**Student:** 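Below are the structure tokens for one structure; questions will follow.
In what follows, every chain begins at residue 1, and chains take the letters A, B, ... in the order their sequences are listed. All values reported here derive from a predicted model rather than from experimental measurement.
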Amino acid sequence: MNILIVEDDAGIAHFLQRGLRHHGLECDIALSGRAALTLLTSRNYDAMVLDRMMPVVDGMEVLRRKPGHVPVLMLSALGTLEDRIEGLDAGADDYLVKPFDIGEVIARLNAIGRRAKGTDRSDMLRAGDLEIVLTTFRAWRRGKPLHLNKKEFALLAELMRNAGRPVTRMMLIEAVWGYSFEPSTNIIESNMSRLRAKLTIHGDPDPIETARGFGYTLHADDAA
Amino acid sequence: MLPDRLRPRSVTGLAGLFGLVCALASVAIGMALYVLADLSFNRVQDARLAREKARLLAPIDGRAPGAGDVAARIAERVRRREISSIGHRLTDTRGTLLAGTAELRAPPGRDGAVLFRQPGEAWEAARAAQFALADGGRLTIVAESESIEDLGKSVWPLFGTALALSAIFGALASLLLGRLISARLAAIGTTANAIIAGDYSRRVPVDSLGGTFAEQARTFNRMLDRIEALMDNLRQVSSDIAHDLRTPLTRLQATLREAAEAGLAEEERTALITAADRECDGILSLFAALLRIGEVQAGRRRAQVATIRLAPLVEDVVESYAPAFVDSARTLRLEACEPCFIRGDADLFNQLLVNLIENAQLHTPEGSATQVSLRRDGASAVLMVRDDGNGIPASERQEVLGRFVRLERSRSTPGHGLGLALVAAIAGFHEATVELDDAGPGLIVRVRFPASEQGATF
């Protein structure tokens with residue numbers, strides 16, 4: 001993936017670049033909104049990390065003026081719901097409040113990059129030996145039905161949408177619970193352990209890998 | 001609306017404009033009265049002329065009277081003095097004057113209006129009518145307009161006096177009105193200036209009797225209350241941040257300095273850096289909670305308010321937390337869940353319930369049972385979280401509730417200790433009340449929301 005980092009703080013920009021390169025993502029840096037608009041016309045990027053608050057041409061204006069359909073992950077110190085809604089309304093695909101974890105940025109870039117390609121529009125999701133139908137809340141492993149409750153089903157669906165890539169705790173809270181706040185008790189772990197128990201009930205191996213304190217990855221290939 | 005440059009810029013200007021409009025209205029009324037009176041007098045005169053004509057030209061034995069007959073009738077009427085203020089002029093075909101002494105002058109434009117005089121008298125305004133006789137003679141009848149002229153003479157000075165009086169009183173009333181409004185505005189101005197100078201407690205005086213000015217003053221004062229509350233909130237948040245961040249920041253600094261010391265074993269250093277990282281997480285979540293409270297109290301979430309169905313939200317939160325309770329050797333159960341609607345922000349409601357449930361989990365011993373219920377009680381939707389833990393002693397319950405308001409918090413509890421302050425802020429946002437009660441043993445938290453009707457869609 002080829003990423004454009006738009007951030008006026010050189011320190012943060014280089015921290016991001018190091019982190020993304022370490023995870024095998026190519027990236028360029030634009031230190032101003034204007035530089036970003038110039039780069040966007042000369043190269044094709046798979047996604048863009050965009051700082052909201054920059055002098056002269058700010059992130060919101062870059063969103064309005066950017067050419068084409070580059071998916072955007074907006075970074076901002078402004079974290080109220082109002083700010084998020086404003087950013088997402090202006091055309092950002094996801095919104096992350098500073099300070100951020102580099103893993104969170106990568107997981108979200110992967111998610112929006114994938115979403116932009118529009119591959120999972122279908123009602124049915126498949127990952128390895130798992131199959132779910134979103135509208136009827138039904139799930140199968142190796143053709144055997146799984147009896148999941150609403151939360152377990154939503155967790156599995158979110159993991160399957162991002163199969164093979166890590167999904168962070170915050171992404172799960174947003175996608176499964178729809179909370180704009182992060183609960184302090186570990187409701188994710190407890191619900192995830194119920195889901196895992198149901199996935200392995202017939203003696204199949206656990207397809208979910210835990211990255212402690214960070215998130216989860218559903219491995220689809222090894223079972224297939 | 002008037003264009004900007006024509007709008008009065010001061011109260012005096014406004015009052016002056018008012019006075020001018022009143023004076024112009026008086027003049028217009030006077031002129032209308034005059035025109036109407038003139039019309040009605042003319043009608044009376046025309047009726048007199050018609051009657052006179054009917055008398056003089058009445059048929060004699062079934063034929064129209066000739067000039068001679070009319071002359072005789074006129075002479076008869078003059079002799080009997082039956083016809084005051086009516087004059088005649090009768091001529092035959094050749095223009096010879098047969099009867100009457102009235103002299104006429106060319107009409108000055110208006111239909112029927114002429115000037116006439118009797119021999120030896122001055123010219124006077126009159127109305128005239130002309131008729132052709134059967135034998136070719138011409139009869140002119142003239143009615144003096146003396147009476148209307150006299151009336152005019154007496155009405156004009158009266159009207160002038162009335163106009164002058166109304167202008168004087170109008171000017172006085174305008175001036176008084178101007179003074180009164182200026183005084184009201186000055187009171188608001190004085191208050192505003194005091195507030196600019198930093199005295200946020202100042203308010204505009206409100207008339208005890210009510211009325212428009214009192215209503216306006218009250219609205220203005222409510223706005224000032226809101227501003228003061230926001231300022232207080234800002235001060236509170238700033239001092240909270242300063243106060244609450246200092247401790248963890250000091251700890252963080254100490255940890256980092258220790259980690260930077262020479263001669264540490266690698267695993268010791270790693271442990272210290274991990275501790276510093278955890279401290280940072282704590283600071284960030286404290287920061288998020290403070291900002292969230294500020295966001296809620298400042299009313300920045302109004303846009304998200306809608307009619308929300310509480311039952312599914314409560315079911316969802318309880319269902320999500322039940323496994324977490326089981327994992328920590330406690331139980332969480334949904335005791336009752338009646339259909340209720342409120343006007344509110346679903347995300348904030350979730351956070352309120354999550355905070356109460358997390359509180360119950362944190363502050364009860366293992367093996368405790370927590371029950372959640374949602375019930376409709378008259379005009380309220382009552383959310384209740386009840387545990388069988390140690391509860392809060394009655395003497396301190398009031399104090400804990402007080403802490404909600406003052407945002408002070410117990411420092412011995414795990415977490416950032418802002419959970420209940422956030423609950424109070426969210427309840428306040430929804431105009432809900434929070435009650436703490438004894439569950440004997442345990443704690444009951446009741447949040448009473450004003451219920452909304454199911455049919456409402458906004």
Side-chain angles (χ1 to χ4, degrees), chain A residues 76-89 95-104 137 147-156 158 168-170 172-198 210 212-214, chain B residues 274 277-278 280-289 291-296 298-304 312-313 315-328 330 332 345-355 357-362 413-419 422 426:
Chain A
S76 175
L78 303 174
T80 68
L81 190 66
E82 217 177 14
D83 298 317
R84 283 167 185 269
I85 290 174
E86 215 174 85
L88 295 174
D89 277 355
Y95 195 100
L96 192 54
V97 180
K98 290 178 182 175
F100 51 82
D101 185 284
I102 196 77
E104 187 83 43
F137 294 100
H147 302 285
L148 307 178
N149 72 19
K150 268 185 295 180
K151 291 297 154 202
E152 291 154 1
F153 184 86
L155 277 172
L156 180 61
E158 193 56 23
T168 68
R169 295 167 42 81
M170 213 194 290
L172 287 174
I173 284 290
E174 286 170 15
V176 176
W177 280 274
Y179 298 163
S180 72
F181 54 94
E182 210 177 348
S184 52
T185 306
N186 210 332
I187 57 168
I188 302 176
E189 263 171 29
S190 296
N191 283 285
M192 191 65 85
S193 73
R194 305 298 186 280
L195 169 63
R196 285 172 137 165
K198 289 181 183 175
T210 309
R212 250 197 105 65
F214 177 73
Chain B
T274 310
D277 192 44
R278 248 199 323 272
C280 280
D281 283 344
I283 292 170
L284 287 171
S285 73
L286 172 64
F287 205 75
L291 289 178
R292 186 71 160 201
I293 291 172
E295 184 190 356
V296 173
R300 286 187 63 194
R301 303 278 299 225
R302 291 275 167 242
Q304 266 64 51
L313 298 181
E315 277 167 9
D316 195 86
V317 172
V318 172
E319 188 186 316
S320 298
Y321 271 87
F325 269 65
V326 171
D327 289 351
S328 67
R330 292 167 178 82
L332 176 69
D345 178 330
D347 189 44
L348 288 183
F349 178 84
N350 279 334
Q351 189 160 21
L352 179 141
L353 182 54
V354 162
N355 279 17
I357 288 177
E358 288 187 349
N359 241 36
Q361 192 185 1
L362 280 174
T413 50
H416 46 59
L418 279 175
L422 190 49
I426 293 173

**Student:** Can you name the closest pair of heavy atoms from A:Pro183 and A:Ile173 and give their distance?
**Tutor:**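 Between these two residues, the closest heavy atoms are CD-CD1, 3.6 Å.
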
**Student:** Name the member of A:Val97, A:Ile187, A:Ile188 that forms the most heavy-atom pairs with chain B at distances under 4.5 Å.
**Tutor:**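 That would be A:Ile187.
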
**Student:** Can a salt bridge be assigned to the pair A:Lys198 and A:Glu152 using a cut-off of 4.0 Å between side-chain N and carboxylate O?
**Tutor:**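 Salt bridge: yes.
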
**Student:** So that I can tick it off, tell me whether B:Arg292 and B:Asp345 are bridged by a salt bridge, with the cut-off set at under 4.0 angstrom between side-chain N and carboxylate O.
**Tutor:**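 No, this pair does not count.
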
**Student:** Is it true that A:Arg194 and A:Asn149 share a donor-acceptor pair across their side chains at a distance under 3.5 Å?
**Tutor:**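 Not at all, the side chains of A:Asn149 and A:Arg194 share no donor-acceptor pair under 3.5 Å.
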
**Student:** Could you tell me which of B:Asn355, B:Val354, B:Leu348, B:Ile357 has the largest number of non-hydrogen atom pairs under 4.5 Å with chain A?
**Tutor:**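 It is B:Val354.
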
**Student:** For chain B, find which of A:Pro99, A:Ser180, A:Gly178 contributes the most heavy-atom pairs closer than 4.5 angstrom.
**Tutor:**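 That would be A:Ser180.
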
**Student:** Between B:Val326, B:Leu284, B:Asp327, which has the largest tally of heavy atom pairs under 4.5 Å with chain A?
**Tutor:**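 Result: the option with the highest number of such pairs is B:Asp327.
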
**Student:** Working note: B:Val317 + A:Tyr179, criterion side-chain contact (heavy atoms from CB on, under 4.5 Å); need CA distance, chi angles, decisive distance, verdict.
**Tutor:** CA-CA 11 Å; B:Val317 172; A:Tyr179 298 163; 3.3 Å; yes

**Student:** Quick one: what part of B:Glu295 sits under 4.5 Å from any heavy atom of chain A, side chain, backbone, both or neither?
**Tutor:**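 B:Glu295 touches chain A through side-chain heavy atoms alone.
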
**Student:** Between B:Gln361 and chain A, which part of the residue has a heavy atom less than 4.5 Å away: side chain, backbone, both or neither?
**Tutor:**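 Only the side chain of B:Gln361 comes within 4.5 Å of chain A.
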
